[in-house]
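First up is the structure itself, then whatever we jot down about it.
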Amino acid sequence: QVQLVESGGGLVQPWGSLRLSCTASGSIFSINTMGWYRQAPGKQRELVASITNVGSTNYADSVKGRFIISRDNAKYTVYLQMNSLKPEDTADYYCNLNHSPRLGVRVVYWGQGTQVTVSS
């Protein structure tokens, strides 16, 4: 019932920047958390950053000070501004939405992923 579409990935040189976008559509409860996860080859998927509907944020230690997550509630879009990119940031990045549309029920949705490659 909820669809997430990501965009903005690509190839970038070390110390460069990229901005990822994710737009949600469908039946979305107003109280929700949206975030970005990433998965590198041979590794588990990990949280990069998340943000609630009221703007509370959480970042992985590895990206603090370099990445900024933000959202536009009117557009149901979440952004990830990635600065000072490093080769270890190379991964598939996935948008995530977590909400509770009914009492006692929590539902999680995932986007299709967008690839980020940091290389010279």
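If you're wondering where the values come from, they're calculated on a predicted model, not measured in any experiment.
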Which atom pairs, one a donor and one an acceptor, fall under 3.5 Å between side chains of residues 78-88 and the rest of the protein, sequence neighbours left out?
unit_1	atom_1	unit_2	atom_2	d
Gln81	NE2	Asn83	OD1	3.0
Asn83	OD1	Ser17	OG	3.0

For this session: For the residue pair Tyr76 and Asn32, establish whether any side-chain heavy-atom pair is separated by less than 4.5 Å.
Result: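 Answer yes - side chains close enough.
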Exercise. Hey, are the side chains of Val116 and Leu20 touching, using non-hydrogen atoms and a 4.5 Å cut-off?
Worked result: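 With C-beta onward as the side chain, the pair touches.
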What side-chain donor-acceptor pairs closer than 3.5 Å can you find for residues 94-103, not counting sequence neighbours?
unit_1	atom_1	unit_2	atom_2	d
Asn98	OD1	Arg106	NH1	2.5
His99	ND1	Phe29	N	3.0
Ser100	OG	Arg102	O	3.2
Ser100	OG	Val105	O	2.5

For this session: Return each pair, listed once, that meets disulfide bond (SG atoms under 2.5 Å apart) where at least one residue sits in residues 24-71; pairs must be two or more places apart or across chains.
Result: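 Residue pairs with at least one partner in residues 24-71: there are none.
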Problem set entry | Set of ring-ring contact (aromatic ring centres under 6.0 Å, His included) partners for Tyr37, sequence neighbours left out |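 Once residues adjacent in sequence are excluded, the partners of Tyr37 under the ring-ring contact (aromatic ring centres under 6.0 Å, His included) criterion are Trp110.
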Exercise. Going from CG on Asp92 to CD on Gln112, what distance comes out if it is rounded to the nearest 0.5 angstrom?
Worked result: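 One gets 10.5 Å once the value is rounded to the nearest 0.5 Å.
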Exercise. Between Gln39 (side chain) and Gln44 (backbone), is there a donor-acceptor pair under 3.5 Å?
Worked result: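 It does not hold such a pair.
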Exercise. If only atom types and distance count, is the side chain of Thr114 paired as donor or acceptor with the main-chain N or O of Gly9 below 3.5 Å?
Worked result: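 Pair found, side chain donor or acceptor close to backbone of Gly9.
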For this session: Output all residues satisfying side chain to side chain donor-acceptor pair (under 3.5 Å) with Ser62, sequence neighbours left out; order by chain, then residue number.
Result: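 For Ser62 the side chain to side chain donor-acceptor pair (under 3.5 Å) partners, ignoring immediate neighbours, are Arg38.
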Problem set entry | All side chain to side chain donor-acceptor pair (under 3.5 Å) counterparts of Asn53, not counting sequence neighbours |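 Per chain and number, Asn53 pairs via side chain to side chain donor-acceptor pair (under 3.5 Å) with no residue.
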Problem set entry | Within residues 53-64 or reaching into it, pairs that qualify as salt bridge (charged side-chain N to carboxylate O under 4.0 Å, His left out) - sequence neighbours excluded |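 Listed by first then second residue: Asp61-Lys64.
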Problem set entry | ring-ring contact (aromatic ring centres under 6.0 Å, His included): pairs with one or both residues in residues 46-69, sequence neighbours excluded |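 Listed once each, the pairs would be none.
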For this session: Check the side chains of Thr33 and Thr52 for a donor-acceptor pair under 3.5 angstrom, ignoring hydrogens and angles.
Result: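 Checked: Thr52/Thr33 side chains show no N/O donor-acceptor pair below 3.5 Å.
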For this session: Could I get the full list of salt bridge (Lys or Arg N to Asp or Glu O under 4.0 Å) partners for Lys75, not counting sequence neighbours?
Result: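 So Lys75 forms no salt bridge (Lys or Arg N to Asp or Glu O under 4.0 Å) with any residue.
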Exercise. Excluding sequence neighbours, so at least two apart, what forms salt bridge (Lys or Arg N to Asp or Glu O under 4.0 Å) with Arg66?
Worked result: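 Per chain and number, Arg66 pairs via salt bridge (Lys or Arg N to Asp or Glu O under 4.0 Å) with Asp89.
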Problem set entry | Gln115 vs Tyr93, side chain to side chain contact (heavy atoms under 4.5 Å, CB included): CA-CA, chis, key distance, verdict | CA-CA 6 Å; Gln115 186 176 19; Tyr93 284 71; over 6 Å; no
For this session: Could you list who else is in Val54's hydrophobic cluster, with ILVMFWY side chains joined at under 4.5 Å, directly or through other members?
Result: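 None; Val54 is a cluster of one.
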For this session: For Ser119, check side-chain contact (heavy atoms from CB on, under 4.5 Å) against everything at least two apart and list the hits.
Result: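 For Ser119 the side-chain contact (heavy atoms from CB on, under 4.5 Å) partners, ignoring immediate neighbours, are Leu11, Thr117.
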